Enquirer: 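The structure that follows is given in the form of structure tokens.
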Amino acid sequence: MDVAFDKIFKQVDRHNVISFDIFDTLLVRPYIKPEHVFMHIEQMFGFQNFYKRRVEAEDKVRTLLGKQYPTYDDIYDVLAKEFVSAKSIEFNLEKETLFSRHSIKKIYDYAVAQNKIIIIVTDMYYDKSRISELLRRNGYLKYSKLFISGRCNASKWDGSLWDKICMDYRPEDIFHIGDTRQSDEVQAQKRGIHTLLIKKPVDILTEKYPYLQTFIDRHSNDIQTSGIVGPLLRRQFTNDKPLTDYWQYIGFFWGGPLCLGMAKFVVKACNDNNIKECLFVARDGYTIKKIVNMLSPQIKSHYVYAPRSINQLLCLDYQGDLPWTDKLPSLITLLSHVSSEFKKKITGVVDRDTLIRTITDSKDIINPIINEISIEYEEYIQKLNIGDPNIALFDLSAGHFNSLKLLKRFLPEKNIYGIYWLTAGNEAQKNNYTISEYQDIKTCQFVNYNLLEFLITAPELPIRYIKNKQIIRIDNQYERVRMNLQIIMSAQETNFATVYANTFKSWNIDFDANLLVDYLNCAIAHLKCNDLRNFSTVKHGTDPAHSKYINLFHFNDPHLLVKSYLKYRILKLIPVDFLRKFASEKITTKINRFLNNTRSC
């Protein structure tokens, strides 16, 4: 809830005329600034320089036509003829993406129920019919008058529109609600009108989640920023049920944009390469598959288990040295699980050379089991009924391309096109496969890649191998903690994709991987004690056998701790009376929020 209803309802009861601003008050744009509407049109329709020309057009109306309060027709009259089709596009975009602000709609409904006179006042270029249509689509049907700057040849900003309103209604009878200090508070109060200044939705959002402000400041001139923030605005301001669970917030705010961006990339890669069927490798492909099914249901999709542990067992070469160089500990763990006899032989052996010799001497024990796993895995793959000769494979990342190698081994007749968020293999390795990478690690990097994996992974335990037609999983306390959290996060990540679709509908905005990397990095840079406390329960498995775990974040990071401690001590010295007298309400709120958060560590 972003307003105090009880106090506002009392003000409504005291006044006969209830007045509402429109944009950011009754209606919300899913953009970080209004001009992004023009930027969106330029990007989607390829109208070169439309954004710049459209912004300049309003000033041209004032200077060339001498009209202080431009109308929509005036603006498009001075625009170049090449943009004539944008006139209907712009209004249709606004019409389909604007949404009602839940809290203010509740106040409006209360005023209507109390039989108050409702007036709507806006500094806007749209004419009465267009404004009426925007209001009607969002449930604002009952009002006595519309006061529009372009139509009235006056504005709230300079007070002239309020003068016209005061000719129709007594100022003391009016209670006005709006979000702009100069227009909705200062000029109205000068004329004796009672007002309520509310915060803009994007300001409320960035105050609550400071990392968003950092992100917006860095990318304010990129329409993709609104593509990410827009669904967050819609979720917060069309719903009176906030995300009270911490992991719901992480799933929707952090994981949601990342999963949607990756899913969009998968769809584009499939379409560009005329691929109709895609394999989503467990566990990274779970949520991405769900979102791809939403975005492009015509792509036939399969959720497939292709763990590196199985590939490691099937590629065991007793003569070569590849498995021994950097995978010996995890290989020992895997072999111990598949063979109790081998486990007995290896118990107590710690010398590296002896371990290698024991594996080599145990071929008669190991090979039959590996052959059995191979036969069962082949049966598993065949049951997927993969029909198309050209298929795609999605996996989050690849270093040695284990999943791709494994599936090529059992689907030799298929052309498999690999789609990854990123790959870490050398160029020689990459050249062996046909792949597409979402992110170029040469241009940007995650501060914490393990966090990306945690956000995108499926809510299930990792697979060890398939035996006796059963999926044998790795089950331990760390993986169970992750799985339980991922159940919550995955639901909200798919929910983000749904909210995005409801927000922008057919007006697509693609997400660049570099922007999403910086988005997550901004979130990490603003970690607070509450975040660290919640993440302290999350561990990351570092090897194929999941026998070694590390913290997802380094909680003893001296830089983070010292920075928070010093900031806390300094701000704590500022007297409360000083803040009240000299600091703005916004700054005071931020300081108090930080002190409360830090004190709770």
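Keep in mind it's a predicted model, so treat the numbers as computed, not measured. Note: hydrogens, waters and symmetry copies are ignored here, and every other heavy atom, side chains too, is used.
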Enquirer: side-chain contact (heavy atoms from CB on, under 4.5 Å) for Asp179 and Lys199? Distances and angles first, verdict last.
Expert: CA-CA 6 Å; Asp179 64 277; Lys199 293 180 180 179; over 6 Å; no
Enquirer: Could you verify whether a donor N or O on one side chain and an acceptor N or O on the other, from Lys145 and Tyr169, lie under 3.5 Å apart?
Expert: no
Enquirer: Is a donor on one side and an acceptor on the other found under 3.5 Å between the side chain of Lys200 and the backbone of Thr180?
Expert: no
Enquirer: Would you name the heavy atoms of Gly227 and Phe511 that are closest together and state the gap between them?
Expert: O-CZ, 3.4 Å
Enquirer: Quick check against the 3.5 Å criterion: does Thr25 have a side-chain atom that pairs as donor or acceptor with the backbone of Ile22?
Expert: no
Enquirer: Do His40 and Ser226 get their side chains close enough for a donor-acceptor pair, meaning under 3.5 Å?
Expert: no
Enquirer: Does one side chain, of Asn221 or Lys33, offer a donor that lies under 3.5 Å from an acceptor on the other?
Expert: yes
Enquirer: What is the distance from atom CG of Leu243 to atom CD1 of Ile488, rounded to the nearest 0.5 Å?
Expert: 11.5 Å
Enquirer: State whether the side chain of Arg62 and the backbone N or O of Gln68 hold a donor-acceptor pair below 3.5 Å, judged by distance alone.
Expert: yes
Enquirer: Measure up the Tyr500 and Phe504 rings against each other and bin them: parallel (under 30°), tilted (30 to 60°), perpendicular (over 60°).
Expert: tilted
Enquirer: Determine whether Gln486 and Met489 satisfy the following criterion, side-chain contact (heavy atoms from CB on, under 4.5 Å), listing intermediate values before the conclusion.
Expert: CA-CA 5 Å; Gln486 284 154 350; Met489 293 190 301; 3.6 Å; yes
Enquirer: So that I can tick it off, tell me whether Glu90 and Arg54 are bridged by a salt bridge, with the cut-off set at under 4.0 angstrom between side-chain N and carboxylate O.
Expert: yes
Enquirer: So Thr225 and Asp222, side chain to side chain donor-acceptor pair (under 3.5 Å) or not? Walk me through it.
Expert: CA-CA 6 Å; Thr225 306; Asp222 193 329; 5.1 Å; no
Enquirer: What is the minimum heavy-atom distance between Arg101 and Pro201, and which atoms define it?
Expert: NH1-CD, 3.5 Å
Enquirer: Would the number of heavy atoms belonging to other residues, nucleotides or ligands and lying under 6.0 Å from CZ of Arg130 be above 12?
Expert: yes
Enquirer: How far apart are the closest heavy atoms of His15 and Asp173, and which atoms are they?
Expert: CB-O, 3.4 Å
Enquirer: Is any side-chain heavy atom of Arg53 less than 4.5 Å from a side-chain heavy atom of Phe47?
Expert: no
Enquirer: Quick one: do the Gln298 and Ser296 side chains pair a donor with an acceptor below 3.5 Å?
Expert: yes
Enquirer: Taking all atoms of both residues into account, what is the closest heavy-atom pair of Phe83 and Gln48, and its distance?
Expert: CZ-O, 3.4 Å
Enquirer: Any side-chain heavy atom of Lys264 within less than 4.5 Å of one from Asn508?
Expert: yes
Enquirer: State which residue, out of Asn530, Asn534, Asp531, fulfils the side chain to side chain donor-acceptor pair (under 3.5 Å) condition with Tyr246.
Expert: Asp531
Enquirer: Using the rule ring-ring contact (aromatic ring centres under 6.0 Å, His included), only one of Phe175, Phe9, Phe5 pairs with Tyr110; which is it?
Expert: Phe9
Enquirer: If you count heavy atoms of other groups shown closer than 6.0 angstrom to NZ of Lys60, is the number above 12?
Expert: no
Enquirer: So, do Leu485 and Ile250 sit near enough that their side-chain heavy atoms are less than 4.5 Å apart?
Expert: no
Enquirer: Output the distance between atom CG (Asp510) and atom CE (Met44), rounded to the nearest 0.5 Å.
Expert: 9.5 Å
Enquirer: Other residues, nucleotides and ligands only: do more than 12 of their heavy atoms fall within 6.0 Å of CZ on Arg181?
Expert: no
Enquirer: After noting the C-alpha distance and the side-chain angles of Phe215 and Ile32, does the key distance pass the side-chain contact (heavy atoms from CB on, under 4.5 Å) rule?
Expert: CA-CA 11 Å; Phe215 176 69; Ile32 61 170; over 6 Å; no
Enquirer: How many angstroms lie between OG1 in Thr122 and CG in Leu146, if you round to the nearest 0.5 Å?
Expert: 9.0 Å
Enquirer: I'd like to know if the side chain of Asn521 and the backbone of Gln445 have a donor-acceptor N/O pair within less than 3.5 Å.
Expert: yes
Enquirer: Donor-acceptor pair, Lys505 side chain versus Glu96 backbone, under 3.5 Å?
Expert: yes
Enquirer: Give, for atom NE2 of His219 and atom OH of Tyr519, the distance between the pair rounded to the nearest 0.5 Å.
Expert: 11.5 Å
Enquirer: Compare every heavy atom of Gln224 with every heavy atom of Leu515, then report the nearest pair and how far apart it is.
Expert: CD2-CB, 3.3 Å
Enquirer: Can you find a side-chain donor-acceptor pair between Asp74 and Tyr69 that sits under 3.5 Å?
Expert: no
Enquirer: In terms of heavy-atom contacts, does NZ of Lys95 have more than 12 from other residues, nucleotides or ligands at under 6.0 Å?
Expert: yes
Enquirer: Under 3.5 Å, is there a donor-acceptor pair between the side chain of Trp162 and the main chain of Ser183?
Expert: yes
Enquirer: Pair Phe535, Trp247 - check ring pair (Phe, Tyr, Trp, His ring centres under 6.0 Å), show working.
Expert: CA-CA 10 Å; Phe535 273 105; Trp247 297 105; 5.0 Å; yes
Enquirer: Just by modelled atom types, is the Met124 backbone N or O under 3.5 Å from a matching donor or acceptor in the Ser149 side chain?
Expert: yes
Enquirer: Looking at Cys522 and Tyr211, what are the two nearest heavy atoms and their distance?
Expert: O-CB, 3.5 Å
Enquirer: With salt bridge (Lys or Arg N to Asp or Glu O under 4.0 Å) as the criterion, how do Lys156 and Asp21 come out once you've worked through the C-alpha distance, each side chain's angles and the decisive distance to 0.1 Å?
Expert: CA-CA 10 Å; Lys156 290 187 296 177; Asp21 172 49; 2.9 Å; yes
Enquirer: For Phe252 together with Phe496, are the ring centres under 6.0 Å from each other?
Expert: yes
Enquirer: NE2 of His194 to CD1 of Ile18: how many Å apart, nearest 0.5 Å?
Expert: 11.5 Å
Enquirer: If we only count heavy atoms from C-beta on, is the Ile204 to Lys208 side-chain gap below 4.5 Å?
Expert: no
Enquirer: Counting only heavy atoms not in Lys142 (residues, nucleotides, ligands), do more than 12 fall under 6.0 Å from its NZ?
Expert: no
Enquirer: Between the main-chain N or O of Asp440 and the side-chain N or O of Thr443, is there a donor-acceptor pair closer than 3.5 Å?
Expert: yes
Enquirer: Hey, are the side chains of Thr494 and Ile291 touching, using non-hydrogen atoms and a 4.5 Å cut-off?
Expert: yes
Enquirer: Looking at Gln187 and Trp157, would you say the former's side chain and the latter's main chain have a donor-acceptor pair under 3.5 Å?
Expert: yes
Enquirer: With a 4.0 Å cut-off, would you call Asp109 and Lys105 a salt bridge?
Expert: yes
Enquirer: For atom NZ of Lys268, is the number of surrounding heavy atoms from other residues, nucleotides or ligands below 6.0 Å larger than 12?
Expert: no
Enquirer: What class does the angle between the rings of Tyr126 and Phe91 fall in, given that below 30° is parallel, 30 to 60° is tilted and above 60° is perpendicular?
Expert: perpendicular
Enquirer: Donor-acceptor pair, His176 side chain versus Val17 backbone, under 3.5 Å?
Expert: no
Enquirer: Classify the side-chain pair Thr71/Asp73 by whether it contains a donor and acceptor separated by less than 3.5 Å.
Expert: no
Enquirer: Determine whether the aromatic ring centres of residues Tyr76 and Tyr72 are separated by less than 6.0 angstrom.
Expert: yes
Enquirer: Any side-chain heavy atom of Phe38 sitting closer than 4.5 Å to one from Leu93?
Expert: no
Enquirer: How far does CZ of Phe99 sit from CG of Asn502, to the nearest 0.5 angstrom?
Expert: 11.5 Å
Enquirer: Could you check Tyr140 against Ile118 for side-chain contact (heavy atoms from CB on, under 4.5 Å), going step by step and ending with a plain yes or no?
Expert: CA-CA 10 Å; Tyr140 299 104; Ile118 309 288; over 6 Å; no
Enquirer: Do the side chains of Met167 and Asp163 get nearer than 4.5 Å, heavy atoms only?
Expert: no
